[in-house]
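Structure record follows, encoded as C-alpha cells.
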Amino acid sequence: MSRADALPAEGSHAGRTPGPLWSLGLFRSELVITLRRWRTLALLGVLAVVPVLVGIAVKIETRGGSSVGHRGGDGPAFISQVTNNGLFLVFAALAATLPFFLPMAVGVIAGDSIAGEANAGTLRYLLVAPAGRTRLLLAKYTTTLVFCLLAALVVAVSALAVGALLFPLGDLTTISGTRISLADGLGRALLIALVVAASLVGVAALGLFVSTLTGSGIAAMATTVGLLITVQILDQIPQLDALGPYFFSHYWLSFADLMRDPVQWDDLQRNLGLQALYAAVFGSAAWARFAGKDITA
Amino acid sequence: MAPYESDDSRTAGEAEDLRAGRRKASRYVVPVAVVGVAAATIGIVPALADSGDPDLPEISAQQLIEKIAASDEQQLSGTVRINTDLGLPDLGGLGNSLGSGVGGAGRGPKAGGDGSPADPSARLTELASGSHTLRVATDGPDRQKVSLLEDAAEYSLIHNGKDVWGYDSESDEVYHSTVDDASRKDAGKNGNRGADRRDGLPATPRDFAAEALRSVDDTTSVTVDGTVHVAGRDAYKLLIKPKQSGTTVGAISIAVDAKTGMPLKFTLTPAAGGAAVVDVGFTKVGFTAPAASTFDFTPPRGAQVTEGDTHERAGTGPAGPESGKGLAKGLDGMKMLGKGWNTVATFDTGGSGVPSGSEAGGDLGGFLDSLGDHVSGKFGSGTVFSTRLVNALITDDGKVYVGTVDKDTLVRAANAGR
C-alpha cells in the first residue's frame, strides 16, 4: 500500500491538483452519471407517481361530497384538507412518502455510491485519478444530497401539479386555524420540501457508511433500507421511548410544524440538529473506513 | 534479486502494515470523538442552564398568595406542557368507544351532532392522560386561544368577541358557538380565566393554581419553598401540603412568577410517591400582546361546521352540554362527608350500582373485577375503583363515595355516613 493511497489526498497531491474547481468537476461528473442512470430516473418516477395516486384516490373518495379522513388516524397527515385546497396535497404527499419511499430511494442511491463502483470494478479506476479518496467520498456524498433535494422537490412539484389540476387552489387555513395567502402557502410548501430534503441527510450518511463496508452494491442498499425499517420499528416501541429522540426518523414529521402559526420551531431544530449529527458521525466513519480501505475491485 | 533484499523488503512491508493498521484504527477516533462531543453537549448544556436558583427577596406565603390573587395579566402568549398520570388503566380504543357511548361526545366518525371532533367537550378527556403540549394566547377578556398540538395536526379553540370556534385540523371540522352578553361580562370579571374555563379546557397553570388555593384552610400547611427558574423566568415556589393523613394528595407545588405573580408551574405529587399526577407548566411564556391575526378565524372553505349551543353563563363546567345535564341531576343529592382534604363526596345514583364481577359473569365480570377491589362494611358491600389520586366506592345499592382519600378512609367515611 502506498503512501498516496493511505493518506487523504490533500497532503500528497497538493502540488498537482489545480484547486477546488477540479473537485467540482469530479462532483459534476458524479452527478451527471448518477442522474443519467435508469434506476435513478425510475426512482424519481415512482416518487412522482405517489402524489398522483393520492390525489386521484382522494378525488374518487370525495366525489359524492363526503369528506375524507374522519378521525381514527387513517391516511397520511393533511389528507382531509386536500379536497378544499389542492396545495395541501403537497404536504399530504410529502407526509406519505417521507416515512418510506423517500428514504428508501435515498438508501438505494447512497448504498450504491461506493459499493456499486466496487461491484462494477470501476472503483480503482476512479482512484487512479489524482483526486484522492476524501474528495471522491465528498463528491459521492454531495451527489446523494442533491438527489435528496431532487427527490423531495419531485414529490412536491408533482403534488402541486396534481393538486392544482384536481382541486381548487386559494388562500389556505393553517392547522392553527389562521389564514395565509396562497403565495405565503407556496413559500411554506417550498420550505417544507427543503426541510424534508434535509431530513434525509442522516439516512444518506448512514447509507454512505454502509456502502464503504462492503463490495456489493445490493448488500449495501439492502442493509441501508433494512436499517431504515428497523429504526422506524424501534421508534414505535414504547419501552424504548428514552432512545426515541436519537433515532434519525424520530422528528421526521416535524415538518408539519411549519404549517402552524406561529411556527413551532423546537422539533424542527431538533430534527435538523439530529440530521447534522448523523451526517457528522457516519460521514466521518465512512471517511475513516474508506480512506484506509484496501481497494481490491 | 538477492535473497537478503527480498527479506529486507518483507520486514519493511510488515512494519508498514503495522503502521498502516494503526493509522487505520486511529481514523476511527474522529467519529468516536464526534459522538463524544455530542453526548457531552446533550448532557451538560441542560445541566448548566438549570444550575442555580434565582436570588429573590424573601416573601411570606400569605404575601405570595395575595400576589397570585392580584396578578392580572391580560396579555399573554406561551407554550404549556401538561403531563397527567392518574394511573387509569389504559383502555385505548375502548375508552373512546365508551366515551362516545356514554357522553355522546366521543370522537367517533359521526357526522355532526355531538360527535364532531371539533367539539371542545370531546377534547377535554384527552388532557386527562398522557403528555400534551398546548399553546395559549390571551389578549384581554374577549380574545383567547388555546391550541392542543398534535402530530401534524392541531386542535384550536378560539374565543373572539362573542364567537367561540373550535377547529380540528386533522378532520378539517369546525365547531361554532356563541357567548351571550351575560357570560361575556362574567368572563370579563374573571379576567383571562373566563374563556378557557368555560370552554372546558382548564389548561394553564393558573387554572390549576386557582383550584388548589380554593381548598386552602386550617387543614393545610402553606409555605414558600425557595425559588426556581420556570420558562426562563424567576419564580417563587409555593408548597401546599395537607396536614391530615388519609388523603392521597402528597403535596402541591406552584411556581409563581416573581414579577407578575402569575402561576407558571403546577405540580401535584401523590402521597404514595412516584411521578407527579398532574404537572402543568409553561415552557415558554411572554407577557406581550399576541398578533391580532391569531384570534381571527373563518372556517376553511368546504369544512364541516357544527353549531353548538349558546353558553348561558361561565362555569358550565368541563363537561359538555349533554353530560352536564346528567351530572347536574347527580349532583342534586350530593353530600359532603368529612372536612379538609379528607372530604368525601357522596351521592345516590338511584340505580343498582355497578354489578359486581360475579353477577355480571363471563368476560365482563372478569373485566369489572380487574378494575376494582371488593370491600364490605357497615354500609353494605361495594367496589372500590382506584386511581393514583381519586378513589371511588360504588356500593351495591347504588351509592357513590368519591374523594382524594385512600381506600381505608373512604370505607370509614362510607361507614360513618351510613
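Just so it is clear: chains get the letters A, B, ... in the order the sequence lines come, proteins before strands, and each one is counted from 1. Worth knowing before you read on, the calculation uses all heavy atoms, side chains too, and leaves out hydrogens, waters and symmetry mates.
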Report task. Answer yes or no: is there a donor N or O on one side and an acceptor on the other, between the side chain of Ser199(A) and the main chain of Val195(A), under 3.5 Å? Result -> yes
**Report entry** Residues Asp261(A), Thr174(A); criterion side-chain hydrogen bond (donor to acceptor under 3.5 Å, both in side chains); working and verdict
**Finding:** CA-CA 7 Å; Asp261(A) 193 24; Thr174(A) 62; 4.8 Å; no
Query raised in the report: Does any heavy atom of chain A fall under 4.5 Å from the side chain of Ser156(B), the backbone, both, or neither of them?
Result: side chain
Requested in this report: Could you check which of Arg179(A), Gln264(A), Arg289(A), Arg260(A) has the highest count of heavy-atom pairs closer than 4.5 Å to chain B?
Outcome: Arg260(A)
Query - Side chain proximity check, Phe297(B) to Val174(B), heavy atoms < 4.5 angstrom - result: yes
Report task. Sort Pro299(B) into side chain, backbone, both or neither according to what part of it lies under 4.5 angstrom from a heavy atom of chain A. Result -> backbone
Report summary line: Okay, Leu149(B) and chain A: the region with an atom under 4.5 Å from a heavy atom over there is both
**Report entry** Thr79(B) and Arg135(B) side chains, donor-acceptor separation under 3.5 Å
**Finding:** no
Query - Worked check of salt bridge (Lys or Arg N to Asp or Glu O under 4.0 Å) between Lys162(B) and Asp142(B) - result: CA-CA 8 Å; Lys162(B) 66 181 196 24; Asp142(B) 278 347; over 6 Å; no
Report summary line: Among Asn85(A), Thr173(A), Asp266(A), Ile175(A), the residue with the most heavy-atom pairs under 4.5 Å to chain B is Ile175(A)
Requested in this report: Give me the ring orientation class for Phe248(A) and Trp252(A): parallel if the planes are under 30° apart, tilted from 30 to 60°, perpendicular past 60°.
Outcome: tilted
Query raised in the report: By a 4.5 Å heavy-atom criterion (distance strictly below it), what part of Ser254(A) contacts chain B: side chain, backbone, both, or neither?
Result: neither
Query raised in the report: Under a 4.5 Å heavy-atom cutoff, which of Asp172(B), Val34(B), Thr298(B) has the most pairs with chain A?
Result: Asp172(B)
Query raised in the report: Among side-chain atoms of Ser169(B) and Glu154(B), is any donor-acceptor pair under 3.5 angstrom?
Result: no
Report task. Name the region of Tyr246(A), side chain, backbone, both or neither, that has any atom closer than 4.5 Å to a heavy atom of chain B. Result -> side chain
Query raised in the report: Which residue out of Ala256(A), Pro168(A), Gly177(A) racks up the most heavy-atom pairs below 4.5 Å with chain B?
Result: Gly177(A)
